[in-house]
Amino acid sequence: RRGHGRCFVTTCAAGPGGRVPTLHVGVVGYGLVGKELVAQILGNAAKLEAELGVRVEVAAVARSNSMALLPPGADSALKGGAWPAGEVPADLGKLTDHVLAAAAASGGRAIMVDNTASDTPPEHYAAWLAAGADVATPNKRAGSGPYKRYEQIRAAAKKGGSRFLCEATVGAGLPIVGPLQGLLRAGDEVRKVEGIFSGTLSYIFNTWKPGMKFSEVVEDAKNKGFTEPDPRDDLSGTDVARKVTILAREMGLKVELDDVPVRSLVPEALQKWQPPAGQKLGDAFVKELAAYDSEMDALISEAEAAGEVLRFVGSVDVGAGAVAVKLGRFPKDHPFAGTQFADNIVAFDTKWYTPRPLVVQGPGAGAAVTAAGIFGNVLEVMNGMKRAQ
C-alpha cells in the first residue's frame, strides 16, 4: 500500500443562506513562523476571497501557556504580530472545539496549523482529522515519529474526509513534498530521491574549501545564526534523517527514524560532552571540535584531489528499500556541487526524468519561506472549497 494517498476535499458552493464558504484556521505555535503565517493570511485574505469566493480567517491562536479564542471576523486583532486581549490558559482540546464550532456555524471548514517542534500537538492530529479538520504543519514529529501513529493519522484523514498537509516539513517553502506526490499520482515511478536537506550543513559545505579549518567554518555558521545554540543538533544529521523518513513514507516505505543510518559529523568523544561550568556551549564546542580538524582536512583533500566536492546528503532508494544520511562526494559538475549559500536541493530520479533528474533548488529555511509553505497548504484547502461561479 502506498503511503502517499491524500483524501479528497469536497468542493463546495456557497454555504447555507448564500454565505461565503469560510476556512477557519486554528494556529498552534505563535512564534516567528506563526506570526509570519498569520501576517500572510491577513495580508491576502481579501484578494483570495475576491478570486476564489472563499473567505479565510484565523479563529484561534495558541502559544505555550496561553491562547486566544477569537469571535468570527475578529482576526484583525492579530495584525502586526499582536497578541489579542482575553487570553485564557492554553488547552488544545478547547481550542479545537472552538475552531470546529466556528466552521460548523458558518458551514465552512476548519484547518489546524501546528507551527511547533513539539511532540504534543501531533498526538492530537488523528482526532483533528477524524473530526473533519485539515492539518497543515512544518512539524516533522508526526511524519517521522512512530510509524503506528503515522498510520493512525492517515487513517483518521480518510475517515474524516480531511487532509494531512506537510509540505513545510521537508523544505520549508521549497516545493518538495508536493512535486513528489504529483509524480506518484500521475503514474511516474520514483526510483531515488537524494538531496541536501539542511540549510545549515549546506552553508557549511558550500563555504568550506581545502586549506580552511572545518571548526572555523562551523564557528562562522554559528556566529551568523545558522546553527542551533548547540551545533551538534545540526552536525548530528538527525534533522536530515527526519526529512528523509518523511519522504520515504510518502513513497510507500515503512521506515522508522531509528532505521536510518546517519553519518554524524560530531566526533564520538563529543557526542555526550558538556562544557565546563560558566562557558557557552556553542563557543566551547567549537574549541573542542578544532582537535578533529586534521581528520576533516583529510576528507576534503581527498575529494579535491579526485575533482570532487563534499556534500552532506540524505537519500531514499526505493528499489533497494534503503534510506541513508551520509557525507557524499560528488563531481564538480554535479547539481549538488553548484549550490550556493544555504540552498536546499533535491534530485528526483524517476522513470520519466532520466537520464537527468528533476531538480528543485532554493532556500529551505527561514520564517518567511516556512510560513509560505504552510500557507500554500492552506490555499490547497481553499481551492477545494472554491465556490461554483
Side-chain angles (χ1 to χ4, degrees), residues 9 12 15 19-63 66-87 90 92 95-96 98-116 121 125 128 132-139 162-169 172-175 177-178 366-387:
V9 177
C12 47
R19 289 178 291 181
V20 176
T22 301
L23 179 62
H24 301 268
V25 186
V27 178
V28 179
Y30 198 57
L32 290 175
V33 173
K35 289 177 181 177
E36 177 64 31
L37 173 65
V38 168
Q40 291 180 15
I41 290 173
L42 296 182
N44 290 282
K47 179 181 70 174
L48 290 169
E49 183 173 345
E51 178 184 338
L52 302 176
V54 178
R55 183 174 297 150
V56 59
E57 60 180 48
V58 180
V61 289
R63 47 194 184 188
S66 60
M67 65 182 184
L69 308 179
L70 303 173
D75 59 3
S76 59
L78 300 166
K79 194 170 183 179
W83 183 253
E87 71 174 23
L92 289 183
L95 184 145
T96 304
H98 176 79
V99 178
L100 289 172
S106 75
R109 286 190 73 88
I111 183 169
M112 304 297 296
V113 178
D114 171 21
N115 298 310
T116 75
Y125 288 4
W128 291 343
D134 303 296
V135 173
T137 183
N139 188 342
S162 49
R163 300 176 76 187
F164 173 55
L165 300 159
C166 56
E167 181 62 75
T169 58
L174 197 64
V177 176
V369 292
T370 301
I374 304 164
F375 193 28
N377 285 155
V378 172
L379 289 173
E380 286 184 59
V381 177
M382 292 180 70
N383 273 312
M385 298 171 64
K386 187 157 51 175
R387 184 171 54 189

Over all atoms of both residues, closest heavy-atom pair of [X] and [Y]:
| X | Y | value |
| --- | --- | --- |
| A68 | P84 | CB-CG, 3.4 Å |
| H98 | A60 | CD2-CB, 4.2 Å |
| W83 | S66 | CZ2-OG, 3.6 Å |
| N44 | Q40 | ND2-O, 2.8 Å |
| L42 | L78 | CD1-C, 4.1 Å |
| T370 | A172 | OG1-CB, 3.3 Å |

State the [atom1]-[atom2] distance between [X] and [Y], to the nearest 0.5 angstrom.
| X | Y | atom1 | atom2 | answer |
| --- | --- | --- | --- | --- |
| F375 | E36 | CZ | CD | 10.5 Å |
| M382 | L379 | CE | CG | 6.5 Å |
| H24 | D75 | NE2 | CG | 10.5 Å |
| F164 | T169 | CZ | OG1 | 7.0 Å |
| L48 | I41 | CG | CD1 | 10.0 Å |
| I374 | E167 | CD1 | CD | 11.0 Å |

Does some side-chain heavy atom of [Y] sit less than 4.5 Å from a side-chain heavy atom of [X]?
| X | Y | answer |
| --- | --- | --- |
| V58 | V27 | yes |
| L23 | M385 | yes |
| W128 | D134 | no |
| L37 | V113 | yes |

### Derivation and outcome, side chain to side chain contact (heavy atoms under 4.5 Å, CB included), residues E87 and R63
CA-CA 10 Å; E87 71 174 23; R63 47 194 184 188; 3.2 Å; yes
**Message:** More than 12 heavy atoms of other residues, nucleotides or ligands under 6.0 Å from CG of L32: yes or no?
**Reply:**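 No, not enclosed.
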Indicate yes or no for a side-chain donor-acceptor contact from N115 to the backbone of G29 under 3.5 Å, with no hydrogens or angles considered.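 It does hold such a pair.
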Please check: side-chain N/O of D114 versus main-chain N/O of P121, any donor-acceptor pairing under 3.5 Å?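 Checked: no pair found.
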Is there a side chain to side chain contact (heavy atoms under 4.5 Å, CB included) between V135 and S162 once you walk through the steps? CA-CA 8 Å; V135 173; S162 49; over 6 Å; no
* Going through the checks in order, is the side chain to side chain contact (heavy atoms under 4.5 Å, CB included) test met by M112 and V99? -> CA-CA 8 Å; M112 304 297 296; V99 178; 4.1 Å; yes
Inset, instruction - In sequence, state the C-alpha distance, the side-chain angles, and the governing distance for N377 and E380, and then conclude on side chain to side chain donor-acceptor pair (under 3.5 Å). - result: CA-CA 5 Å; N377 285 155; E380 286 184 59; 2.8 Å; yes
inquiry  = Could you walk me through whether E57 and R55 satisfy the side chain to side chain contact (heavy atoms under 4.5 Å, CB included) test, starting with their C-alpha distance in whole Å, then the side-chain angles of each, then the deciding distance to 0.1 Å, before giving a yes or no?
reply    = CA-CA 7 Å; E57 60 180 48; R55 183 174 297 150; 4.0 Å; yes
